[in-house]
Amino acid sequence: VLWCTHSAALWADEVEAKEAPKKERLLVLWRSVSAWADLILQWATENALIGSVETVQGLIDGKAAQGQEFYGAPRALIMAALQELQRRNRATIFRSSTGAEGVKFL
């Protein structure tokens with residue numbers, strides 16, 4: 001049994017699920033999803049990316065993201081943070097015709 005408070009963990013399967021999640025992969029976080037979302041939004045603001053589009057993969061391992069605390073983070077964590085930004089109306093997540101995922105910062 002695992003008890004988590006203060007959004008210290010998330011089911012990676014739920015973030016990435018297109019169907020009912022299996023809850024097999026748990027990410028334990030040292031900061032909340034909301035705090036990760038704040039870091040990504042701060043980076044986007046500081047780099048004049050508000051109104052522009054970035055790929056999700058670029059946030060994970062792109063040159064522009066090098067040196068950021070979220071650089072190299074698991075895809076599930078990045079997606080959860082972007083979903084939080086979308087919930088706040090600060091980002092829109094989309095999938096291109098080629099299947100690549102992107103985000104537009106608002």
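Just so you know, these numbers use all the heavy atoms, side chains as well, and skip hydrogens, waters and symmetry mates.
When the side chains of ILVMFWY residues are joined at heavy-atom separations under 4.5 Å, either directly or via intervening members, Leu106 and Leu41 end up in two distinct hydrophobic clusters.
For the atom pair CD (Glu84) and OG (Ser32), the distance works out to 8.0 Å, reported to the nearest 0.5 Å. To the nearest 0.5 Å, the span separating CG on Leu82 from CZ on Phe70 amounts to 9.5 Å. Taking CD from Gln68 and CD from Gln42, the interatomic distance works out to 8.0 Å, rounded to the nearest 0.5 Å. To the nearest 0.5 angstrom, Leu77 atom CG is 11.0 Å from Leu59 atom CG. A distance of 12.0 Å separates OG in Ser34 from CG in Leu29, rounded to the nearest 0.5 Å.
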For this session: Applying side chain to side chain donor-acceptor pair (under 3.5 Å), run through Arg90 and Thr45 and close with a yes or a no.
Result: CA-CA 11 Å; Arg90 297 303 316 262; Thr45 302; 5.0 Å; no
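Between Gln83 and Val33 the shortest side-chain heavy-atom distance does not fall below 4.5 Å. Between Glu101 and Arg75 the shortest side-chain heavy-atom distance falls below 4.5 Å. With contacts defined as side-chain heavy-atom distances shorter than 4.5 Å, the pair Ile40/Asp38 does not qualify. Residues Arg31 and Glu69 meet the side-chain proximity criterion, which asks for heavy atoms closer than 4.5 Å. Counting heavy atoms from C-beta outward, Leu49 and Trp43 have side chains that approach closer than 4.5 Å. At a threshold of 4.5 Å between non-hydrogen side-chain atoms, the residues Glu54 and Phe105 count as touching.
Considering all non-hydrogen atoms of both residues, Ala73 and Ile78 come closest at CB-CD1, 4.0 Å. Between Ser96 and Thr98, the closest heavy-atom pair is OG-OG1, 2.8 Å. Closest heavy-atom contact between Ala81 and Ala37: O-CB, 3.5 Å.
For the pair Gln86 (side chain) and Ile93 (backbone), a donor-acceptor distance under 3.5 Å is present.
Applying the side-chain hydrogen bond (donor to acceptor under 3.5 Å, both in side chains) criterion to Gln66, with sequence neighbours excluded, gives no partner residue.
Other cluster members for Phe94: Val53, joined by side-chain heavy-atom distances under 4.5 Å among Ile, Leu, Val, Met, Phe, Trp and Tyr. Connectivity analysis of hydrophobic side chains (ILVMFWY, heavy atoms under 4.5 Å, direct or indirect) links Tyr71 to nothing; its cluster partners are none.
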